[in-house]
Every structure is written in structure tokens, then in C-alpha cells.
Amino acid sequence: EVNFVCYAFGQNTLLPFMNICGEGLLILLMMIAVFVYDWSIALILLLSFAPMLLIYVFGLRQKVREFGRLELEARRKQSNR
């Protein structure tokens, strides 16, 4: 019982968190490299990706969260069988 709880916490919480941190660090390092190479290109990239980020944050975030909640409920029901 305890090992399953630890495993589920690691798989459902820690692993996605570490993936997000790793990808965020990679994006940050790539942006720094582009900024060192040519700051105007870095500015253009930032201005082109900012609208997509805003669309996600204000438009799609709740839908993605709801789908995640539904998937978690489905997995719980499946594991209880």
C-alpha cells in the first residue's frame, strides 16, 4: 500500500514537474544563446511566442485542467476494478 502511494506520487506529480522544469531550463538556455548571438532575433522570438502563451493561459488552461481531472477520475475508477 505504501509503495503504491509513493510510486503514484512519483509518477503523477514528481515526474511531470521535473519534465516541466527541464524543458523550461532548456528553453531558457536556448533563449540566452540566441540573445548572445543576436539580441534582435531573441526579441522577435519573444514577441512572436508571447501571444501564443497568452492564448493558452487565458483560453485553453481551464479546458486542459478539466480534461486532466476527467482522465484522473477515469484512471481511479479503472484501478479500483
Side-chain angles (χ1 to χ4, degrees):
E1 179 76 25
V2 174
N3 285 337
F4 174 74
V5 172
C6 294
Y7 176 76
F9 176 72
Q11 289 295 314
N12 297 328
T13 305
L14 290 180
L15 190 61
F17 177 73
M18 296 301 279
N19 283 337
I20 290 171
C21 288
E23 290 173 4
L25 183 62
L26 179 64
I27 290 171
L28 179 67
L29 291 173
M30 289 174 60
M31 283 301 294
I32 290 172
V34 170
F35 184 78
V36 168
Y37 180 72
D38 188 2
W39 65 271
S40 62
I41 294 175
L43 183 63
I44 291 170
L45 281 173
L46 183 64
L47 291 175
S48 65
F49 285 116
M52 288 187 284
L53 178 66
L54 292 174
I55 289 170
Y56 171 75
V57 168
F58 293 114
L60 299 175
R61 180 190 235 172
Q62 288 301 107
K63 289 181 182 178
V64 170
R65 183 176 288 164
E66 178 66 21
F67 289 144
R69 187 184 63 76
L70 292 173
E71 180 184 4
L72 181 62
E73 288 178 9
R75 286 187 183 188
R76 284 183 182 165
K77 287 179 183 177
Q78 186 179 19
S79 68
N80 288 335
R81 290 184 182 184

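Each residue takes its place number in the sequence, starting with 1. Values below: every heavy atom of this structure, side chains too, minus hydrogens, waters and symmetry copies. Worth saying up front: this structure is predicted, and the values here are computed from it rather than measured.
- Ionic pairing of Glu73 and Lys77 is not present here: no N-O contact between side-chain nitrogen and carboxylate oxygen is shorter than 4.0 angstrom.
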Return all side-chain donor-acceptor pairs below 3.5 angstrom for residues 24-49, not counting sequence neighbours, or 'none' if the list is empty.
| unit_1 | atom_1 | unit_2 | atom_2 | d |
| --- | --- | --- | --- | --- |
| Asp38 | OD1 | Ser40 | N | 3.4 |
| Asp38 | OD1 | Ser40 | OG | 3.1 |
| Asp38 | OD2 | Ser40 | OG | 3.4 |
| Ser48 | OG | Ile44 | O | 3.2 |
| Ser48 | OG | Leu45 | O | 2.9 |

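- For Glu66 and Arg69, the salt-bridge test passes: some basic side-chain N is under 4.0 Å from an acidic carboxylate O.
- Both Val64 and Leu54 belong to a single network of hydrophobic side chains, linked directly or stepwise wherever heavy atoms of I, L, V, M, F, W or Y lie under 4.5 Å apart.
- Distance check, rounded to the nearest 0.5 Å: CZ of Phe9 to CG of Leu15 gives 11.5 Å.
- With hydrophobic clusters built from ILVMFWY side chains whose heavy atoms lie under 4.5 angstrom apart, Phe58 shares a cluster with Leu53.
- To the nearest 0.5 Å, atom CG of residue Asn12 and atom CZ of residue Phe17 are 15.0 Å apart.
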